[in-house]
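Reminder, nothing fancy here: chain letters follow the sequence lines and each chain counts from 1.
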Number of protein chains: 2
Amino acid sequence: MMELTRKGEYAIRGIVYLAGKQPDKVCLLSDIAEAVDVPPTFLAKIFQQFSKIGLVKSYRGTGGGFMLGRAPEQITLLEVVEAVEGPILPNRCLAVPTDCERSCSCNVHPVWQRVQGEVRQVLGGVSLKDLVNEQ
Amino acid sequence: MMELTRKGEYAIRGIVYLAGKQPDKVCLLSDIAEAVDVPPTFLAKIFQQFSKIGLVKSYRGTGGGFMLGRAPEQITLLEVVEAVEGPILPNRCLAVPTDCERSCSCNVHPVWQRVQGEVRQVLGGVSLKDLVNEQ
DNA sequence: TACTAAAAAGACTGTTTATATCCTTTTAGG
DNA sequence: CCTAAAAGGATATAAACAGTCTTTTTAGTA
């Protein structure tokens with residue numbers, strides 16, 4: 001359980017690739033897709049989501065492409081994952097707290113809150129800089 | 001992301017209900033299902049899985065039903081969740097470590113391992129006894 | 001201005017997983 | 001042997017996942 005989808009996996013690969021390029025290099029989507037072995041049309045959707053929230057900057061037309069929206073050390077894995085997979089929610093009751101009290105007199109609720117907190121803390125503590133291969 | 005399914009939610013409700021009964025009380029599936037508001041046929045499948053691994057004991061025929069397989073303090077939430085949802089695997093690469101090296105030169109891999117570890121630790125630290133309402 | 005390169009946006013499709021339900025079989029008691 | 005209960009298997013529907021295709025918008029260039 002709790003599995004990252006392909007979309008999330010691809011998202012990480014794609015943006016980590018960008019993070020490994022020099023700061024102002026504009027990369028073609030097609031090149032990124034090939035480099036990280038992801039279907040280009042699928043990666044396009046992912047990068048559109050990134051672009052909307054500023055994780056990457058996009059440029060259209062000739063000479064266009066993508067570059068990182070911020071410095072690699074200022075983008076966390078948590079942001080990347082939540083950008084495409086939605087918020088970390090181990091249980092629905094964390095999204096809508098009101099309806100939980102009733103359904104389970106919820107001693108379980110605080111446990112899921114802790115799970116959520118731990119996961120967010122781990123992913124939030126890792127930046128893209130930590131993920132690129134130095135060499 | 002990382003959401004528990006209905007099955008997992010129902011599983012917890014059902015077994016916590018059992019844990020709240022006196023130790024040797026045999027409960028009808030139909031009664032449990034009604035008490036925790038879960039479709040009886042669905043809960044049946046869940047309890048079959050529990051039964052196979054000994055989390056609950058089942059008795060067939062007249063006077064049959066279910067009771068907890070061990071004392072409530074000896075069953076963790078982790079066991080319950082993994083029984084019906086499968087192992088905690090934030091990423092596929094944790095299941096088959098061999099194919100990860102290639103695909104991502106995986107600096108991400110150890111992060112997912114940490115996530116897995118934290119989640120398992122939280123869920124493993126909670127027993128059914130902690131989850132029943134005392135009163 | 002027209003042409004071309006690139007991303008953005010939206011519709012569409014096939015596959016898999018989730019969420020059940022139903023029916024038949026097995027087991028046990030009375 | 002009749003009935004109560006769980007076990008097992010097949011089926012159905014809906015949602016999510018994984019991806020493709022086409023059209024539109026934007027921007028640079030001849």
What about K7(A), does its side chain sit under 3.5 Å from the base of dG19(D) through a donor-acceptor pair? no

Give a yes/no answer on whether the side chain of R6(B) brings an N or O atom under 4.0 Å of OP1 or OP2 in dA20(C). yes

Closest to the side chain of L28(A), out of dA7(C), dT21(C), dA18(D), is dA7(C)

Report the residue (F47(B) or G61(B)) whose heavy-atom-nearest nucleotide on DNA chain D is the more 5′ of the two. G61(B)

From CD1 of I46(A) across to P of dA9(C) the rounded distance in Å is 16 Å

Looking across every strand, which nucleic acid part, if any, lies under 4.0 Å from Y59(A) by heavy atom: base, sugar-phosphate, or nothing? sugar-phosphate

Main-chain N/O of S127(A) paired to E73(A) side chain as donor or acceptor, under 3.5 Å: no

So does I88(B) get a backbone contact from the side chain of E82(B), meaning a donor-acceptor N/O pair under 3.5 Å? yes

Please determine if a side-chain N or O atom of S51(A) lies less than 4.0 Å away from the OP1 or OP2 oxygen of dA7(C). no

Report the residue (E85(B) or G63(B)) whose heavy-atom-nearest nucleotide on DNA chain C is the more 5′ of the two. E85(B)

Calculate the interatomic distance between K45(B) atom NZ and dA18(C) atom C1'; express it in whole Å. 15 Å

Is it the case that the side chain of E85(B) and the backbone of L4(B) share a donor-acceptor pair, with hydrogens and angles ignored and the cut-off at 3.5 Å? no

Under 4.0 Å between a Lys/Arg side-chain N and an Asp/Glu carboxylate O for R13(A) and E9(A)? yes

Specify the separation, in whole Å, of atom CE of M1(B) and atom C1' of dC17(D). 14 Å

Looking at every strand, decide which applies to K57(B) at a 4.0 Å heavy-atom threshold: base, sugar-phosphate, or nothing. nothing

To the nearest Å, give me how far apart CG (D37(A)) and C1' (dG19(D)) are. 14 Å

Compare side-chain N and O positions of Y10(B) against OP1 and OP2 of dA20(C) and report whether any pair is under 4.0 Å apart. yes

Verify the distance criterion only: is there a donor paired with an acceptor across the side chains of N133(B) and N107(A) at less than 3.5 Å? yes

Starting at CG of L18(A) and ending at C1' of dA7(C), how long is that distance when rounded to a whole Å? 14 Å

Quick note, T62(A) side chain, CB onward, closest among dG19(D), dT29(D), dT26(D) is dT29(D)

Counting heavy atoms from C-beta on, name the nucleotide in dA6(D), dT21(C), dA7(C) closest to the side chain of F66(B). dA6(D)

OP1 or OP2 of dT20(D) sitting under 4.0 Å from any side-chain N/O of T41(A)? yes

Separation of dA8(C) P from Q49(A) CD (nearest whole Å): 12 Å

With a 4.0 Å cutoff (strictly under), does any side-chain N or O of S58(A) reach OP1 or OP2 of dA8(C)? yes

Determine whether a donor-acceptor pair (N or O, by modelled atom type, separation under 3.5 Å) exists between the side chain of E79(A) and the backbone of T76(A). yes

Between atom CZ in R60(B) and atom C1' in dT27(C), what is the gap in whole Å? 5 Å

Below 3.5 Å, does any donor atom in the side chain of K52(B) face an acceptor in the base of dG8(D), or the other way round? no

Would you say T5(B) places a side-chain N or O within less than 4.0 Å of OP1 or OP2 belonging to dT17(C)? no

Tell me the interatomic distance from L43(B), atom CG, to dA6(D), atom P, rounded to whole angstroms. 10 Å

